[in-house]
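Written below as C-alpha cells is the structure these notes are about.
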Amino acid sequence: MKYQNLKKYFIVPFVFFATGFAQAFDYIQLEKLIKENKLKTISDTIEKLPLSYKSKYVLIFKSRSLHGSSFENPRVLLYGEDASFILSFNGSPEQKGYLGLETMEYDQSTSEFKYREILFPNEKESQSPSSVVRFSDDNPEKCLKCHGQTPRPIWDTHPLWPGVYGENYLTDLSFAERSGLNKFLAIQGSHPRYKHLRNINIFTEKNTFKPDVAARYTNFMKDSPVVELSKYLAKYNIQKIVGQMKRSPEFEKFQFLYLASLSQDCGSFESFLPDGVRPTVVKDLELFSVDTFVKNKKQDLLKKGRALTVNQNLFANQILQNKALDQFRFIVEQSLNISTDFWTMALEADTYDYTQPDSVELALEKELIHQIGKSDEKLKNLVSLRAVGSTVKYCEYLRKNISPNLAQGLKKGSGLSTAQSLQKIYSEEKIRTVAEADPVPGLLNLCASCHQGVVGPALPFLDKDRMSTLLNQGNYPRGTLLQEILYRLSPKAGPNQMPRGLNLSESQIQVLEDYFQNLSEKK
Ligand code: HEC
Ligand code: HEC
C-alpha cells in the first residue's frame, strides 16, 4: 500500500473524532471534510462520507434537474439516516452538471430548506495544487428557479415517482427499469464514483419494491428507498409550509380559521366564516376548487406521461380533489397573501397534488396544532380531550376565537361573475392540454371538476365502470341518471343547464350526449 493510501485511512477516523462523531452529518461537516482533507474530486469526497450516506440512496435514470442522467449513469441522491441532509451527483463526464455536488439541507430550527452547490475542478485541474473547490451561497438563484423562492423539495408525489428506479409504489421493477438497472450494475463496481456505494444489492433483492406477505410481517413493511425518502421529504415539507405561514405577521389572527378549514369533525367550514364575507368566500371557494381540479388533472396526466410504466391499480380510487385542502389553501392565500403554487413537491409548479400515504390534512392540522400549542396551553388540553372522543369543546374553542373582525383581513373577491370566472379557467391553455391528452372526452373533466363532491353533487364522471352502472339507475326528476344528464345538457334545462356557468356549442353537447349514451348501453 502506498503511503498516500495509508494516509487516507488514518485521516478519516481522525477527522470524524475531531468534528464529533455523534453529531449528525450536515453541510458544515461536509465543507470541513472537503477543506481539511483537501479533497479535489467528487469521488474522493464520496469515499469519505459516513457509511449511512454511502448505503442509503435513490437512483434516478431520468432526472429533470441540472444533473444529466441515464440508465447506466443515474443521478444519485444520498439521503443518509433521515434525509435532513442530501447530497447528489451523477456519473459521466459527458453529463450536464458532472462537476457539481448538489446539496439540500432541511433546517429544523427555521423550517427552511437550503440548497447549495459545490463545484469541483475537472480531472486535469484537480491534479494541480492551486485548483480550488467552490462553495455556493445558500439558495443561489440558480437553484431557486426550480425549487421556488421559498424553496421546496421537488420529488413528485405518492404513488408514482417517474424516472426513479422503483417508480411505482409497491410494484416490482418494470422490464425497462430492470434492464436499465443491469446496465448500471455492470459498471458500478469499477466506476470511480459509484464504486463507493454500499448496500447495492437492495436494488436487486426480491422484496425491496414489492415485499411479499412474509417480508411484510417480518420487516414491518420496510419501505423501498424511494418511498422512505418521499416520506421524509413530505414530513419536512409540511413543517416548512406551516413555518412559512407562521412567519407572517398575520398568522396569529387567523390561526383558528386555518384549523377550522382542516378539521374533519367540527361541522362545515362555512359555518366558521365571519358573516360579512361568507357568501363571497363560498362562491370564490367553488371556483378555486374548479381551478385546482383542472390544474391537478393536468399535473396527473403530465406526471403519468413522464413515467416508463404506470401501475394503474394504484390510481383506481384516487381523487384529484380534497375539500379540506382546498379550503385551507384558499383561506391561507386570502389572509396571508402567500401563494401556494410552490407548496407541493410535484415537478409541475402551480399544481396542488399533496398526495402522501397518510392524510395530508391530518398532517397539516397536527403540525399547526403543534406550533400554535407552543403558546396556547388551552388548545393543547382540548386537543387531548378531542383525541379521546370529546370534540365539542375543541370546536367551540375554535369558533370562539374566530372573530367577526377577521372579515376585514380577507382579500375581496375577484369581482367576476361565476360564468366569467369559469370561462377564464376553462379557456386557459391548461384545459385544452388536458382535453387533448385525455383518453376520455376532455369535456368530462369539466363535469368532474365540480362533481367530485366538492361543488356539485358527487358523480364519478371519470370512473367509466361505475358511471356505466349508475347511468341506468337513479330517481332523478327526469328519471335515470342518463335521462337527467341528457336533460341537463340540453338548452331546455334553462338556468339548470350543465356545465353550470358555461355555454357549450352544439357539437360539444353532441359529443357528450353520445358519450353518455354509449356508456349506458355497455352494461
Ligand atoms: C431545472 C430545474 C432545477 C434546478 C434549476 C435545480 N433543481 Fe434540484 N431538483 C430538480 C428536480 C426535477 C429534482 C427531483 C429529482 C430529479 O429529477 O433529479 C430536484 C431535486 C433536488 C435534490 C434532491 C432533494 C429534493 O429537493 O428533492 C437536491 C439536493 C437538489 N435538487 C439540489 C439542487 C441544487 C443545489 C440546485 C442549484 C444548484 C438545484 N437543485 C437546481 C430540478 C432542479
Ligand atoms: C361549475 C360547476 C359545475 C360544472 C362544471 C358542472 N356541474 Fe353539474 N351541477 C353543479 C351543481 C352545483 C349542481 C347542483 C345544483 C343543480 O342541481 O343544478 C349540479 C347538478 C348536476 C346534475 C343533477 C345531479 C343531481 O343529483 O340532481 C347533473 C346530472 C349534472 N350536474 C351533470 C353535469 C354534467 C354532465 C356536467 C358536464 C357537462 C356538469 N354537470 C358540469 C355544478 C356543476
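Every number for a ligand or one of its atoms is a count from 1 in the order of the listing. Just so you know, residue 1 is the first one in the sequence shown, and it goes up from there. Keep in mind that what you see is a predicted model, and the values were worked out from it rather than measured.
Counting protein heavy atoms only, atom 24 (C) of ligand 1 is closest to Ile86 CD1, 4.0 Å. Looking only at heavy atoms of the protein, atom 18 (O) of ligand 1 is closest to Ser63 OG, 2.5 Å. Ranking protein heavy atoms by distance to atom 30 (C) of ligand 1, first place goes to Glu102 OE1, 3.4 Å.
Under a 4.0 Å N-O distance rule, the pair Lys295/Glu348 does not qualify as a salt bridge. Ionic pairing of Arg478 and Glu484 is present here: one or more N-O contacts between side-chain nitrogen and carboxylate oxygen are shorter than 4.0 angstrom. With salt bridges taken as basic N to acidic carboxylate O contacts below 4.0 Å, none links Asp44 and Lys40. One finds a salt bridge joining Arg75 and Glu102 here, because a Lys/Arg side-chain nitrogen approaches an Asp/Glu carboxylate oxygen to under 4.0 Å. Salt bridge annotation for Glu117-Arg134: absent, with no cationic side-chain nitrogen under 4.0 angstrom from a carboxylate oxygen.
Listed by atom number, the atoms of ligand 1 under 4.0 Å from Leu347 heavy atoms are 12 (C). Interface atoms of ligand 1 facing Ile60, defined by a heavy-atom separation under 4.0 Å, are 15 (C), 16 (C), 18 (O). Listed by atom number, the atoms of ligand 1 under 4.0 Å from Cys146 heavy atoms are 1 (C), 2 (C), 3 (C), 4 (C), 5 (C), 43 (C). Each of the following atoms of ligand 1 lies closer than 4.0 Å to a heavy atom of Leu77: 23 (C). Each of the atoms 11 (C), 12 (C) of ligand 2 lies under 4.0 Å from some heavy atom of Gly456. For ligand 2 and Leu489, the ligand atoms under 4.0 Å from any heavy atom of the residue are 38 (C). Remark: ligand 2 atoms within the under-4.0 Å shell around heavy atoms of Cys447 are 34 (C), 35 (C), 36 (C), 37 (C), 38 (C), 39 (C), 41 (C). Applying the 4.0 Å criterion to heavy atoms of Leu512 picks out, from ligand 2, the atoms 38 (C). Each of the atoms 29 (C) of ligand 1 lies under 4.0 Å from some heavy atom of Met104. Near Arg64, meaning under 4.0 Å from one of its heavy atoms, ligand 1 places the atoms 1 (C), 2 (C), 12 (C), 17 (O), 42 (C). Close approach of ligand 1 to Ser65 (heavy-atom distance below 4.0 Å) involves ligand atoms 9 (N), 10 (C), 11 (C), 12 (C), 18 (O), 42 (C), 43 (C). Distances below 4.0 Å separate heavy atoms of Ile485 from the following atoms of ligand 2: 29 (C), 35 (C).
Distances from atom 39 (C) of ligand 1 to the heavy atoms of His147, Lys142, Arg75 put His147 nearest. Considering Glu117, His67, Arg116 only, the shortest heavy-atom separation from atom 35 (C) of ligand 1 involves Arg116. One option in Tyr115, Trp155, Tyr236, Phe113 has a heavy atom closer to atom 26 (O) of ligand 1 than any other, and that option is Tyr115. Across Pro74, Ala83, Cys143, Pro140, heavy-atom proximity to atom 41 (C) of ligand 1 is greatest for Cys143. By heavy-atom distance, the residue among Ile154, Val164, Leu66 lying nearest atom 14 (C) of ligand 1 is Ile154.
A donor and an acceptor atom, one from each side chain of Tyr354 and Asn237, are nowhere located under 3.5 Å apart.
With a 6.0 Å cutoff to the six-membered ring centre and a 45° limit on the axis angle, Lys304 counts as a cation-pi contact of Phe315. A cation-pi arrangement is absent between Arg152 and Phe342, since the terminal nitrogen or guanidinium carbon is not both under 6.0 Å from the aromatic centre and inside a 45° cone about the axis. A cation-pi contact, defined as under 6.0 Å to the ring centre and within 45° of the axis, links Arg193 to Tyr98.
Gln483 places a side-chain N or O within donor-acceptor distance of the main-chain N or O of Thr480, the cut-off being under 3.5 Å.
Atom NZ of Lys246 sits in a crowded spot, with more than 12 heavy atoms from other residues, nucleotides or ligands closer than 6.0 Å. Within a 6.0 Å radius of NZ in Lys235, other residues, nucleotides and ligands contribute 12 heavy atoms or fewer.
The aromatic ring centroids of His158 and Tyr169 lie less than 6.0 Å from each other.
Closest of all the heavy-atom pairs between Asn90 and Gly68 is ND2-O, 3.0 Å. Across all non-hydrogen atoms, the minimal contact from Ile42 to Leu101 is CD1-N, 3.9 Å.
At a heavy-atom distance under 4.0 Å, no atom of Leu87 approaches ligand 1. Residue contacts with ligand 2 for Leu444 are absent, since no atom lies close enough (heavy atoms, distance under 4.0 Å). When non-hydrogen atoms are compared, ligand 2 lies under 4.0 Å from the side chain of Pro457 (C-beta onward) but not from its backbone. Residue contacts with ligand 2, taken as heavy atom pairs separated by less than 4.0 Å, involve His451 solely via side-chain atoms from C-beta onward. When non-hydrogen atoms are compared, ligand 1 lies under 4.0 Å from the backbone of Thr103 (N, CA, C, O) but not from its side chain. Counting heavy atoms under 4.0 Å from ligand 1, residue Ser88 does not touch it at all.
At least one N or O atom of Arg488, backbone or side chain, sits closer than 3.5 Å to an N or O atom of ligand 2.
Ligand 2 is approached by Phe461 to a heavy-atom distance shorter than 4.0 Å.
Among the candidates Tyr194, Phe71, Phe203, Phe61, the single residue satisfying the ring-ring contact (aromatic ring centres under 6.0 Å, His included) test with Phe184 is Tyr194.
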